[in-house]
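Worksheet: one structure, shown below.
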Amino acid sequence: MYKLFIIFVEHLKLLLNPVIVNAFIFYDGRGKVCHKNWGDDLNYYFLREIVKQPLILLNRTSLAFRLNFRNYLVIGSTIDMLCRPNTEVWGAGIISENSSLKEKPSKVYAVRGPLTRQRLLKEGIECPEIYGDPALLIPCYYQPRVTKKYQYGFVAHVSNIEMLKDVKIDGVNLYNYPDILVIDLSNYRHWHDIIDQICSCQAILSSSLHGLIIAEAYHIPNVWIEFGNPLIGGHFKFHDFFLSIHQDRVAPLSIVNNALSTQVVNDEIRKWKQGTIDLQPLLRACPFAIRLPKLEG
(Lines give C-alpha, C1' and ligand atoms only; values in the text may rest on other atoms or scores of the structure.)
Protein backbone atom coordinates (compact mmCIF):
# COMPACT_ATOMS: atom_id res chain seq x y z
CA MET A 1 0.00 0.00 0.00
CA TYR A 2 2.82 2.42 0.89
CA LYS A 3 4.58 1.72 -2.41
CA LEU A 4 1.35 2.38 -4.33
CA PHE A 5 0.95 5.67 -2.47
CA ILE A 6 4.48 6.77 -3.42
CA ILE A 7 3.83 5.92 -7.08
CA PHE A 8 0.54 7.87 -6.94
CA VAL A 9 2.35 10.92 -5.52
CA GLU A 10 5.06 10.75 -8.20
CA HIS A 11 2.43 10.59 -10.95
CA LEU A 12 0.51 13.46 -9.34
CA LYS A 13 3.65 15.60 -9.59
CA LEU A 14 3.52 15.22 -13.37
CA LEU A 15 0.60 17.65 -13.33
CA LEU A 16 2.81 20.35 -11.75
CA ASN A 17 5.29 20.88 -14.61
CA PRO A 18 8.17 19.08 -12.90
CA VAL A 19 11.82 18.81 -13.82
CA ILE A 20 12.35 15.15 -14.70
CA VAL A 21 15.92 14.01 -14.10
CA ASN A 22 17.36 10.93 -15.75
CA ALA A 23 20.08 9.39 -13.57
CA PHE A 24 21.47 6.20 -12.03
CA ILE A 25 19.53 6.56 -8.78
CA PHE A 26 17.69 3.72 -7.09
CA TYR A 27 15.21 3.30 -4.26
CA ASP A 28 14.73 0.92 -1.37
CA GLY A 29 11.43 -0.75 -0.47
CA ARG A 30 10.28 2.35 1.42
CA GLY A 31 10.70 4.70 -1.52
CA LYS A 32 13.90 6.30 -0.23
CA VAL A 33 16.99 6.86 -2.34
CA CYS A 34 19.60 4.13 -1.81
CA HIS A 35 23.06 5.52 -1.15
CA LYS A 36 24.97 3.62 -3.82
CA ASN A 37 27.02 6.37 -5.44
CA TRP A 38 27.13 9.90 -4.02
CA GLY A 39 28.07 11.42 -7.38
CA ASP A 40 24.94 10.02 -9.01
CA ASP A 41 22.82 10.86 -5.96
CA LEU A 42 23.62 14.55 -6.41
CA ASN A 43 21.15 14.51 -9.31
CA TYR A 44 18.45 14.15 -6.68
CA TYR A 45 19.73 15.72 -3.47
CA PHE A 46 21.53 18.78 -4.85
CA LEU A 47 19.06 19.56 -7.63
CA ARG A 48 16.12 19.15 -5.28
CA GLU A 49 17.51 22.02 -3.20
CA ILE A 50 18.03 24.48 -6.06
CA VAL A 51 15.32 23.67 -8.63
CA LYS A 52 12.23 25.86 -8.24
CA GLN A 53 9.81 23.35 -9.77
CA PRO A 54 8.98 19.90 -8.40
CA LEU A 55 11.77 17.45 -9.19
CA ILE A 56 11.19 13.77 -9.95
CA LEU A 57 13.33 10.96 -11.28
CA LEU A 58 12.52 9.38 -14.62
CA ASN A 59 13.15 5.83 -13.41
CA ARG A 60 10.73 6.44 -10.56
CA THR A 61 7.79 7.55 -12.68
CA SER A 62 6.64 4.84 -15.05
CA LEU A 63 4.20 7.10 -16.89
CA ALA A 64 6.90 9.66 -17.77
CA PHE A 65 9.23 6.82 -18.75
CA ARG A 66 6.73 5.08 -21.04
CA LEU A 67 5.51 8.30 -22.68
CA ASN A 68 9.02 9.71 -23.15
CA PHE A 69 8.41 12.96 -21.30
CA ARG A 70 11.15 15.59 -21.56
CA ASN A 71 13.95 14.59 -19.22
CA TYR A 72 17.38 15.94 -18.32
CA LEU A 73 20.85 14.48 -17.96
CA VAL A 74 22.74 16.68 -15.51
CA ILE A 75 25.53 15.16 -13.41
CA GLY A 76 27.55 12.13 -14.46
CA SER A 77 28.92 10.23 -17.46
CA THR A 78 25.49 9.29 -18.71
CA ILE A 79 24.95 10.66 -22.23
CA ASP A 80 26.02 7.43 -23.91
CA MET A 81 24.12 5.24 -21.43
CA LEU A 82 20.87 6.93 -20.40
CA CYS A 83 19.92 9.09 -23.39
CA ARG A 84 16.33 8.53 -24.50
CA PRO A 85 13.94 10.21 -26.94
CA ASN A 86 13.27 13.72 -25.61
CA THR A 87 16.38 13.75 -23.40
CA GLU A 88 18.10 17.12 -22.98
CA VAL A 89 21.61 17.64 -21.59
CA TRP A 90 22.80 20.24 -19.11
CA GLY A 91 26.26 19.42 -17.81
CA ALA A 92 26.46 15.66 -18.27
CA GLY A 93 29.33 13.92 -20.04
CA ILE A 94 30.26 10.84 -22.04
CA ILE A 95 32.08 7.99 -20.32
CA SER A 96 34.34 6.83 -23.17
CA GLU A 97 35.66 8.14 -26.47
CA ASN A 98 34.82 4.78 -28.06
CA SER A 99 31.29 4.30 -26.75
CA SER A 100 28.38 4.58 -29.14
CA LEU A 101 25.33 6.70 -28.47
CA LYS A 102 22.25 4.48 -28.29
CA GLU A 103 20.09 7.57 -28.65
CA LYS A 104 20.97 11.15 -29.54
CA PRO A 105 19.87 13.89 -27.13
CA SER A 106 17.13 16.15 -28.46
CA LYS A 107 18.97 19.25 -27.21
CA VAL A 108 22.27 20.09 -25.54
CA TYR A 109 22.66 23.20 -23.37
CA ALA A 110 26.06 22.47 -21.81
CA VAL A 111 28.35 19.49 -21.29
CA ARG A 112 30.96 18.52 -18.74
CA GLY A 113 33.97 19.26 -20.92
CA PRO A 114 35.45 19.71 -24.40
CA LEU A 115 36.07 16.00 -25.02
CA THR A 116 32.36 15.29 -24.62
CA ARG A 117 31.58 18.18 -26.96
CA GLN A 118 33.98 16.83 -29.60
CA ARG A 119 32.28 13.41 -29.47
CA LEU A 120 28.83 14.92 -29.82
CA LEU A 121 29.89 17.12 -32.73
CA LYS A 122 31.38 14.06 -34.42
CA GLU A 123 27.95 12.41 -34.09
CA GLY A 124 26.35 15.42 -35.79
CA ILE A 125 24.80 16.73 -32.58
CA GLU A 126 24.74 20.49 -32.02
CA CYS A 127 26.62 21.33 -28.83
CA PRO A 128 27.49 24.83 -27.59
CA GLU A 129 30.93 25.56 -26.21
CA ILE A 130 29.62 25.74 -22.64
CA TYR A 131 31.32 23.53 -20.07
CA GLY A 132 31.05 22.55 -16.44
CA ASP A 133 29.91 19.72 -14.24
CA PRO A 134 26.98 21.25 -12.30
CA ALA A 135 28.48 19.84 -9.08
CA LEU A 136 30.97 22.71 -9.35
CA LEU A 137 28.07 24.99 -8.41
CA ILE A 138 27.58 23.38 -4.99
CA PRO A 139 29.83 25.84 -3.10
CA CYS A 140 27.59 28.66 -4.33
CA TYR A 141 24.78 27.13 -2.28
CA TYR A 142 26.53 25.31 0.56
CA GLN A 143 29.54 26.40 2.61
CA PRO A 144 30.39 23.90 5.34
CA ARG A 145 31.58 25.10 8.75
CA VAL A 146 34.32 22.57 9.38
CA THR A 147 37.93 22.74 10.47
CA LYS A 148 40.86 20.95 8.86
CA LYS A 149 41.24 17.78 10.95
CA TYR A 150 43.10 15.51 8.55
CA GLN A 151 46.20 15.77 6.42
CA TYR A 152 44.83 13.54 3.65
CA GLY A 153 41.39 12.38 2.61
CA PHE A 154 41.14 9.26 0.45
CA VAL A 155 38.07 9.05 -1.79
CA ALA A 156 37.67 5.78 -3.66
CA HIS A 157 35.30 5.21 -6.54
CA VAL A 158 32.48 3.00 -5.28
CA SER A 159 33.79 0.12 -7.41
CA ASN A 160 37.11 0.01 -5.56
CA ILE A 161 36.33 1.11 -2.01
CA GLU A 162 37.22 -2.40 -0.81
CA MET A 163 40.73 -1.99 -2.19
CA LEU A 164 41.45 0.77 0.31
CA LYS A 165 41.41 -1.75 3.13
CA ASP A 166 44.72 -3.15 1.95
CA VAL A 167 46.48 0.13 1.13
CA LYS A 168 49.31 1.27 3.38
CA ILE A 169 51.08 4.60 3.53
CA ASP A 170 54.57 4.53 5.02
CA GLY A 171 53.77 0.94 6.03
CA VAL A 172 50.66 1.91 8.03
CA ASN A 173 47.15 0.89 6.98
CA LEU A 174 45.08 3.88 5.84
CA TYR A 175 42.39 3.16 8.40
CA ASN A 176 44.95 3.24 11.21
CA TYR A 177 46.80 6.36 10.11
CA PRO A 178 45.74 9.18 12.49
CA ASP A 179 45.90 12.02 9.93
CA ILE A 180 43.97 10.20 7.18
CA LEU A 181 40.22 10.12 6.58
CA VAL A 182 38.78 7.44 4.29
CA ILE A 183 35.63 8.82 2.63
CA ASP A 184 33.07 6.26 1.43
CA LEU A 185 30.76 7.61 -1.29
CA SER A 186 28.22 4.86 -0.68
CA ASN A 187 28.00 5.37 3.08
CA TYR A 188 26.59 8.66 4.31
CA ARG A 189 23.51 9.97 6.13
CA HIS A 190 23.04 13.42 4.59
CA TRP A 191 24.50 14.37 1.22
CA HIS A 192 26.30 17.31 2.87
CA ASP A 193 28.29 14.83 4.97
CA ILE A 194 30.60 13.93 2.05
CA ILE A 195 31.32 17.60 1.40
CA ASP A 196 32.00 18.18 5.10
CA GLN A 197 34.43 15.27 5.14
CA ILE A 198 36.27 16.43 2.01
CA CYS A 199 36.53 19.97 3.39
CA SER A 200 37.96 18.66 6.68
CA CYS A 201 41.08 17.48 4.81
CA GLN A 202 44.17 19.45 3.82
CA ALA A 203 44.39 17.46 0.56
CA ILE A 204 42.30 14.88 -1.28
CA LEU A 205 43.46 11.76 -3.11
CA SER A 206 40.66 10.35 -5.21
CA SER A 207 39.96 7.67 -7.80
CA SER A 208 36.41 9.04 -8.01
CA LEU A 209 35.84 11.87 -10.46
CA HIS A 210 33.40 13.58 -8.14
CA GLY A 211 35.86 13.38 -5.29
CA LEU A 212 38.18 15.46 -7.47
CA ILE A 213 35.39 17.76 -8.67
CA ILE A 214 34.29 18.63 -5.13
CA ALA A 215 37.90 19.15 -4.04
CA GLU A 216 38.40 21.55 -6.96
CA ALA A 217 35.11 23.30 -6.24
CA TYR A 218 36.23 24.04 -2.66
CA HIS A 219 39.82 24.88 -3.68
CA ILE A 220 41.35 21.87 -1.94
CA PRO A 221 44.63 20.45 -3.35
CA ASN A 222 43.89 17.06 -4.89
CA VAL A 223 45.59 14.09 -6.52
CA TRP A 224 44.04 11.78 -9.09
CA ILE A 225 44.80 8.19 -8.05
CA GLU A 226 44.15 4.80 -9.61
CA PHE A 227 44.03 1.26 -8.25
CA GLY A 228 45.41 -1.17 -10.83
CA ASN A 229 43.14 -1.18 -13.88
CA PRO A 230 41.35 2.01 -15.00
CA LEU A 231 37.63 2.45 -14.34
CA ILE A 232 35.02 1.79 -17.02
CA GLY A 233 35.70 4.23 -19.84
CA GLY A 234 39.36 4.64 -18.93
CA HIS A 235 40.69 8.15 -18.40
CA PHE A 236 38.32 9.91 -20.80
CA LYS A 237 35.97 11.46 -18.23
CA PHE A 238 38.85 12.66 -16.06
CA HIS A 239 40.57 14.49 -18.91
CA ASP A 240 37.18 15.83 -20.01
CA PHE A 241 36.74 17.47 -16.62
CA PHE A 242 40.33 18.64 -16.21
CA LEU A 243 40.22 20.33 -19.61
CA SER A 244 37.03 22.14 -18.60
CA ILE A 245 38.94 23.79 -15.73
CA HIS A 246 42.03 24.43 -17.88
CA GLN A 247 44.29 22.14 -15.84
CA ASP A 248 44.61 18.80 -17.61
CA ARG A 249 46.76 16.12 -15.98
CA VAL A 250 48.98 13.59 -17.69
CA ALA A 251 47.98 10.47 -15.74
CA PRO A 252 46.81 9.33 -12.32
CA LEU A 253 49.10 8.36 -9.48
CA SER A 254 49.00 4.57 -9.65
CA ILE A 255 48.93 2.72 -6.34
CA VAL A 256 51.24 -0.25 -6.90
CA ASN A 257 51.29 -3.23 -4.52
CA ASN A 258 48.90 -1.35 -2.22
CA ALA A 259 51.74 0.88 -1.02
CA LEU A 260 52.29 4.64 -0.91
CA SER A 261 54.69 6.95 0.83
CA THR A 262 54.03 10.42 2.22
CA GLN A 263 56.97 11.66 0.16
CA VAL A 264 55.35 10.54 -3.10
CA VAL A 265 51.97 11.88 -2.03
CA ASN A 266 53.37 15.27 -1.00
CA ASP A 267 55.31 15.50 -4.27
CA GLU A 268 52.05 15.01 -6.18
CA ILE A 269 50.19 17.54 -4.04
CA ARG A 270 52.86 20.14 -4.74
CA LYS A 271 52.24 19.69 -8.47
CA TRP A 272 48.59 20.68 -8.08
CA LYS A 273 47.39 23.96 -9.54
CA GLN A 274 43.92 25.32 -8.96
CA GLY A 275 41.69 24.98 -12.01
CA THR A 276 39.63 27.87 -13.32
CA ILE A 277 36.24 27.99 -15.00
CA ASP A 278 33.63 30.68 -15.54
CA LEU A 279 30.37 29.18 -14.27
CA GLN A 280 28.15 32.03 -15.47
CA PRO A 281 27.62 30.50 -18.96
CA LEU A 282 26.65 27.19 -17.34
CA LEU A 283 24.11 28.93 -15.12
CA ARG A 284 22.68 30.97 -17.98
CA ALA A 285 22.30 27.82 -20.07
CA CYS A 286 20.24 25.98 -17.45
CA PRO A 287 16.96 24.98 -19.13
CA PHE A 288 14.88 24.98 -15.94
CA ALA A 289 14.35 27.53 -13.19
CA ILE A 290 16.80 27.37 -10.29
CA ARG A 291 17.63 29.56 -7.33
CA LEU A 292 20.43 31.69 -8.72
CA PRO A 293 23.52 31.98 -6.54
CA LYS A 294 25.86 34.94 -6.24
CA LEU A 295 29.09 34.03 -7.98
CA GLU A 296 32.45 35.63 -7.37
CA GLY A 297 33.89 37.70 -10.18
Side-chain angles (χ1 to χ4, degrees), residues 23-25 33 35-50 74-78 91-93 112-113 131-161 164 180-226 231 237-249 252-253 268-269 272-279 282-283 293 295-296:
F24 286 117
I25 299 177
V33 171
H35 295 169
K36 291 191 174 184
N37 187 336
W38 184 82
D40 290 331
D41 298 348
L42 288 176
N43 284 287
Y44 178 73
Y45 290 119
F46 173 50
L47 294 181
R48 186 179 59 173
E49 290 193 8
I50 69 170
V74 181
I75 296 173
S77 304
T78 54
R112 180 179 54 213
Y131 305 131
D133 186 304
L136 288 170
L137 294 168
I138 292 175
C140 304
Y141 298 91
Y142 176 65
Q143 282 293 329
R145 297 179 179 178
V146 297
T147 57
K148 298 291 184 182
K149 300 178 183 177
Y150 304 95
Q151 186 174 5
Y152 311 122
F154 276 77
V155 186
H157 186 271
V158 292
S159 67
N160 51 37
I161 183 66
L164 283 183
I180 288 178
L181 176 65
V182 176
I183 301 169
D184 186 346
L185 297 181
S186 61
N187 184 20
Y188 61 92
R189 297 184 66 183
H190 190 281
W191 75 275
H192 287 173
D193 294 346
I194 298 296
I195 299 171
D196 293 351
Q197 291 174 38
I198 288 175
C199 289
S200 71
C201 302
Q202 296 285 352
I204 293 295
L205 293 88
S206 179
S207 63
S208 160
L209 178 58
H210 276 96
L212 298 169
I213 288 174
I214 296 302
E216 282 290 330
Y218 286 93
H219 309 301
I220 301 169
N222 56 88
V223 178
W224 174 24
I225 60 175
E226 187 171 83
L231 301 175
K237 66 179 182 180
F238 291 94
H239 291 300
D240 192 34
F241 169 67
F242 293 142
L243 286 167
S244 77
I245 60 170
H246 305 97
Q247 283 293 345
D248 197 11
R249 307 180 190 182
L253 171 63
E268 291 297 317
I269 291 171
W272 174 78
K273 294 181 181 179
Q274 176 69 53
T276 59
I277 183 172
D278 181 3
L279 294 173
L282 178 67
L283 278 169
L295 297 182
E296 298 179 1

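Side chain of Asp40 to backbone of Ile25: no donor-acceptor contact under 3.5 angstrom is found.
A 6.0 Å sphere centred on NZ of Lys148 holds more than 12 heavy atoms belonging to other residues, nucleotides or ligands.
The aromatic rings of Tyr45 and His35 stand perpendicular to each other, their planes meeting at an angle above 60°, with 30° marking the opposite boundary. Between Phe154 and Tyr152, the two ring planes are perpendicular [angle over 60°; tilted spans 30° to 60°]. Under the 30°/60° scheme for interplanar angles, the aromatic rings of Trp191 and Phe46 are found to be tilted.
For the atom pair CD1 of Ile138 and OH of Tyr218, the computed distance is 6.0 Å after rounding to the nearest 0.5 Å. With rounding to the nearest 0.5 Å, the separation of CG in Leu185 from CG in Asp41 is 9.5 Å.
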Kindly determine whether Ile195 and Trp38 satisfy side chain to side chain contact (heavy atoms under 4.5 Å, CB included), including the steps that lead there. CA-CA 10 Å; Ile195 299 171; Trp38 184 82; 3.7 Å; yes
Before you tell me yes or no, could you show the steps for Tyr142 and His192 under side chain to side chain contact (heavy atoms under 4.5 Å, CB included), namely the whole-Å CA-CA distance, both residues' side-chain angles and the distance that decides it to 0.1 Å? CA-CA 8 Å; Tyr142 176 65; His192 287 173; 3.5 Å; yes
Go through the steps for Ile50 and Tyr141 under the test side chain to side chain contact (heavy atoms under 4.5 Å, CB included), then give the verdict. CA-CA 8 Å; Ile50 69 170; Tyr141 298 91; 3.6 Å; yes
Take Tyr131 and His246 through the side chain to side chain donor-acceptor pair (under 3.5 Å) test and state the conclusion after the steps. CA-CA 11 Å; Tyr131 305 131; His246 305 97; over 6 Å; no
Stepwise side chain to side chain contact (heavy atoms under 4.5 Å, CB included) check, Leu209 with Phe238: CA-CA 6 Å; Leu209 178 58; Phe238 291 94; 3.8 Å; yes
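Between Ile269 and Pro221, the shortest heavy-atom contact is CG2-CB, 4.0 Å. In terms of heavy atoms, Ile220 sits closest to Ala203 at CG2-CA, 4.0 Å. The shortest heavy-atom contact between Val155 and Gly211 is CG1-CA, 4.1 Å. When all heavy atoms are compared, the tightest approach of Ile75 to Gly39 is CG2-O, 3.7 Å.
The side-chain hydrogen bond (donor to acceptor under 3.5 Å, both in side chains) pairs that include a residue from residues 199-210 are Asp133-His210, Asn160-Ser207, where partners are two or more places apart or lie in different chains.
Contact of the Leu137 side chain with the Leu282 side chain is registered, since non-hydrogen atoms from C-beta on lie closer than 4.5 Å. When side chains are defined from C-beta on, Asp196 does not count as touching Tyr188, because their heavy atoms never get closer than 4.5 Å. Side-chain contact between Pro139 and His219 is absent, with no heavy-atom pair separated by less than 4.5 Å.
Each of Leu212, Ile204, Leu205 was checked for a side-chain contact (heavy atoms from CB on, under 4.5 Å) with Val223, and the lone residue meeting it is Leu205.
Comment: Glu216 engages Arg249 in a salt bridge, judged by a side-chain N to carboxylate O separation of less than 4.0 angstrom.
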